[in-house]
Enquirer: 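This is the structure, below, for whatever I ask next.
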Protein chains: 2
Amino acid sequence: MITLTATEENYLKYIYQLGEAQSGLVKTNDLAYKLEHSAASVTDMLKKLADKKLLTYTKYYGVSLTKTGLHIAKKVLRKHRLWETFLAKNLKFTWDKIHDIAEQLEHIQSDELTDKMDEYLGFPKFDPHGDPIPDKQGNISIPNVICLADAKLKKQYILQNVNDDSAIFLKYLNKIKLQLNDKIKIIDKEEFDETMEMLINDKMRITISNDAAKNMYVKSI
Amino acid sequence: MITLTATEENYLKYIYQLGEAQSGLVKTNDLAYKLEHSAASVTDMLKKLADKKLLTYTKYYGVSLTKTGLHIAKKVLRKHRLWETFLAKNLKFTWDKIHDIAEQLEHIQSDELTDKMDEYLGFPKFDPHGDPIPDKQGNISIPNVICLADAKLKKQYILQNVNDDSAIFLKYLNKIKLQLNDKIKIIDKEEFDETMEMLINDKMRITISNDAAKNMYVKSI
DNA sequence: TAATTTTTTTAGCTTAGCTTAAATATTTTA
DNA sequence: TAAAATATTTAAGCTAAGCTAAAAAAATTA
Ligand SMILES: [Mn+2]
Ligand SMILES: [Mn+2]
Ligand SMILES: [Mn+2]
Ligand SMILES: [Mn+2]
């Protein structure tokens, strides 16, 4: 059981998340942007992680996680999302505050703690942002969702997932009183800029931009 | 609000704990022993913490915490003991396993988290080892206890506190089935080596060495 | 009190994880 | 396809936090 530093764990986590979005191959500059480090620092660390056989690194080409690297990345994500669940559900934190604290808690090293937390929380499958929580074996429940930006007129949906964990976006959702599991009916979609008019829980009318809609995922009902 | 590294926080915490036991003045070698670092490393760090006005450092003489240093030390101890309480009470960890995990959790930076945990746990005054948990203001409940080694023959006591958080000592207590809040009646004390014979909860007879008794604190009933 | 032992500090080195600036490889554009 | 732009790596250097070995101060012992 190798133990990595918080820095190394963060690299693996972001490589996993960037790789998921793309083909699996992650570029130096994309990581540098995510981590807010210089590209030179990223190159150094990628070589180090490659030496440790946590990823395969091809100069000028990009990296992808090895089996071991993937396993660790998922474990970090599992811890992050379990802690977010605890902070929101048990401690009543608002969802815009949980991410930054979970960024610290995700690096606590104790498998027994992780598994006991999982049990304590009732083995949740999704975190407070609707993101899937990997189980002990690394299995992930893929929710059957579509992007709200692609939702159809007149149809009804449930808000399942937000794709942006930043405090600024989540505070905006708080302000317009939109929450996970709210019922959404698309009333109108402006042809010019794709601004959407929606009815929330059959009573509240709101209007959101296409930029906002792109960050939300819904399930049709 | 200055933020310290985990290393700096550990120094302040141990200086506080060593200073409590002694006059308040802490020596380089005592810290080196506690932290398992070389004395040279300790000297370096003490100078650095003195520069930050967290302690007063006099060459060859020793250190003592400033008001700011004391405040931070108590906050770290507060977090450590709140987390230990959570791990034992809520997650059902045995008391020999909680300390090492709390050593990591005590460095999570979020006053809001600390205070919400305190509330979630019902504002506990003592941790699972019987150590006092500083409140938000840094106030500490001093328990009215005596060392079990000094306990009187035939008298009855309640086990309130253990003074050694090491897994090896706590596992020993598990083995002899001795727990916090157990009732202890002193049956005999051997003159030769001060070995004690005791009746636990009016039914179980055990014999413990003076070394063990020195690590336990009791309240008379 | 002088010698010896112990404690503490100083000096010089190492590693992890970052930086900027310069060099080089790749990709895009004209 | 050659020039320009962009992406990536290399080189050199910094800070935090550790180390060992040597020097210096303080404490103990003879
Ligand atoms: Mn998050
Ligand atoms: Mn999340
Ligand atoms: Mn402890
Ligand atoms: Mn404790």
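Residue numbering restarts at 1 for every chain, and letters A, B, ... go by the order of the sequence lines. Everything numeric in this text was worked out from a predicted model, so none of it was measured.
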Enquirer: Rounded to the nearest Å, what distance is computed from the NZ atom of residue B/K52 to the C1' atom of nucleotide D/dT15?
Expert: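 The answer, rounded to whole Å, is 11 Å.
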
Enquirer: Can you tell me how the ring of B/Y120 sits relative to the ring of B/F86, calling it parallel under 30°, perpendicular over 60° and tilted otherwise?
Expert: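 If you compare the ring of B/Y120 with that of B/F86, the planes turn out tilted.
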
Enquirer: Of all residues at least two apart in sequence or in a different chain, which pass the side chain to side chain donor-acceptor pair (under 3.5 Å) check with B/D150?
Expert: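 Result, side chain to side chain donor-acceptor pair (under 3.5 Å) vs B/D150: none returned.
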
Enquirer: Residues in side chain to side chain donor-acceptor pair (under 3.5 Å) with B/T43, at least two apart?
Expert: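 If we apply the side chain to side chain donor-acceptor pair (under 3.5 Å) test to B/T43, skipping adjacent residues, there are no hits.
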
Enquirer: Within the structure, does a side-chain N or O atom of A/Y61 lie under 4.0 Å from either OP1 or OP2 of C/dT26?
Expert: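 Answer no for this pair, as no side-chain N or O of A/Y61 is under 4.0 Å from OP1 or OP2.
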
Enquirer: Report the secondary structure of DNA chain D in dot-bracket form, marking unpaired bases with a dot and bases paired to a different strand with |, and treating Watson-Crick or G-U pairs with both distances under 3.5 Å as paired.
Expert: ||||||||||||||||||||||||||||||

Enquirer: Return the value, rounded to whole Å, for the distance between atom CG of B/L46 and atom P of C/dT10.
Expert: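 One finds 12 Å between P of C/dT10 and CG of B/L46, rounded.
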
Enquirer: Can you pull out every salt bridge (Lys or Arg N to Asp or Glu O under 4.0 Å) where at least one residue sits in residues 107-117 of chain B? Sequence neighbours excluded, please.
Expert: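 Matches after skipping sequence neighbours: A/K97-B/E112, B/K75-B/D111, B/R78-B/D115, B/D115-B/K136.
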
Enquirer: Taking salt bridge (Lys or Arg N to Asp or Glu O under 4.0 Å) as the test, write out the residues that go with B/E190, two or more places apart.
Expert: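 Residues passing salt bridge (Lys or Arg N to Asp or Glu O under 4.0 Å) with B/E190: none at all.
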
Enquirer: Which residues satisfy the side chain to side chain donor-acceptor pair (under 3.5 Å) test with A/T56, sequence neighbours excluded?
Expert: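 Scan of A/T56 (side chain to side chain donor-acceptor pair (under 3.5 Å), adjacent residues dropped) gives A/S64.
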
Enquirer: Counting only side-chain N and O atoms of B/K59, is one of them less than 4.0 Å from OP1 or OP2 of D/dA24?
Expert: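 For D/dA24, neither OP1 nor OP2 has a side-chain N or O of B/K59 closer than 4.0 Å.
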
Enquirer: Taking only residues two or more places apart in sequence, or in another chain, which ones meet B/K52 in a salt bridge (Lys or Arg N to Asp or Glu O under 4.0 Å)?
Expert: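 By the salt bridge (Lys or Arg N to Asp or Glu O under 4.0 Å) rule, B/K52 matches B/E8.
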
Enquirer: Name all residues meeting the side chain to side chain donor-acceptor pair (under 3.5 Å) criterion together with B/D135; count only those two or more places apart in sequence or in a different chain, and write none if there are none.
Expert: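 Testing B/D135 for side chain to side chain donor-acceptor pair (under 3.5 Å), a comparison that skips the adjacent residues, returns B/N139.
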
Enquirer: Does B/K47 put a side-chain nitrogen or oxygen below 4.0 Å from OP1 or OP2 of C/dT10?
Expert: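 For C/dT10, OP1 or OP2 has a side-chain N or O of B/K47 closer than 4.0 Å.
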
Enquirer: Between B/M45 (CE) and C/dT8 (P), how many Å, whole number?
Expert: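 My rounded result for the distance is 18 Å.
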
Enquirer: Who passes side-chain contact (heavy atoms from CB on, under 4.5 Å) against B/I142, sequence neighbours left out?
Expert: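 Only B/I140 meet the side-chain contact (heavy atoms from CB on, under 4.5 Å) criterion with B/I142.
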
Enquirer: To the nearest angstrom, how far is B/L35 atom CG from D/dC19 atom C1'?
Expert: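 It works out to 15 Å between those atoms.
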
Enquirer: Listed in order of residue number, which residues of residues 25-33 of chain B have a non-hydrogen atom at under 4.0 Å from DNA chain C?
Expert: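 Going residue by residue through residues 25-33 of chain B, the ones with a heavy atom under 4.0 Å of DNA chain C turn out to be B/K27, B/T28, B/N29.
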
Enquirer: B/Y60: what forms a ring pair (Phe, Tyr, Trp, His ring centres under 6.0 Å) with it, not counting sequence neighbours?
Expert: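 Not a single residue meets the ring pair (Phe, Tyr, Trp, His ring centres under 6.0 Å) criterion with B/Y60.
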
Enquirer: To the nearest Å, give me how far apart CD (B/E8) and P (D/dT15) are.
Expert: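 In whole Å, D/dT15 P lies 15 Å from B/E8 CD.
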
Enquirer: Side chains of B/N174 and B/W95: do they bring a donor and an acceptor to under 3.5 Å?
Expert: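 B/W95 and B/N174 do have a side-chain donor-acceptor pair below 3.5 Å.
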
Enquirer: Are any protein N/O atoms closer than 3.5 Å to N/O atoms in nucleotides 19-23 of chain C? If there are, list each pair with its distance.
Expert:
{"from": "C/dT19", "atom 1": "OP2", "to": "A/S38", "atom 2": "N", "distance (Å)": "2.9"}
{"from": "C/dT19", "atom 1": "OP2", "to": "A/S38", "atom 2": "OG", "distance (Å)": "3.0"}
{"from": "C/dT19", "atom 1": "OP2", "to": "A/S41", "atom 2": "OG", "distance (Å)": "2.5"}

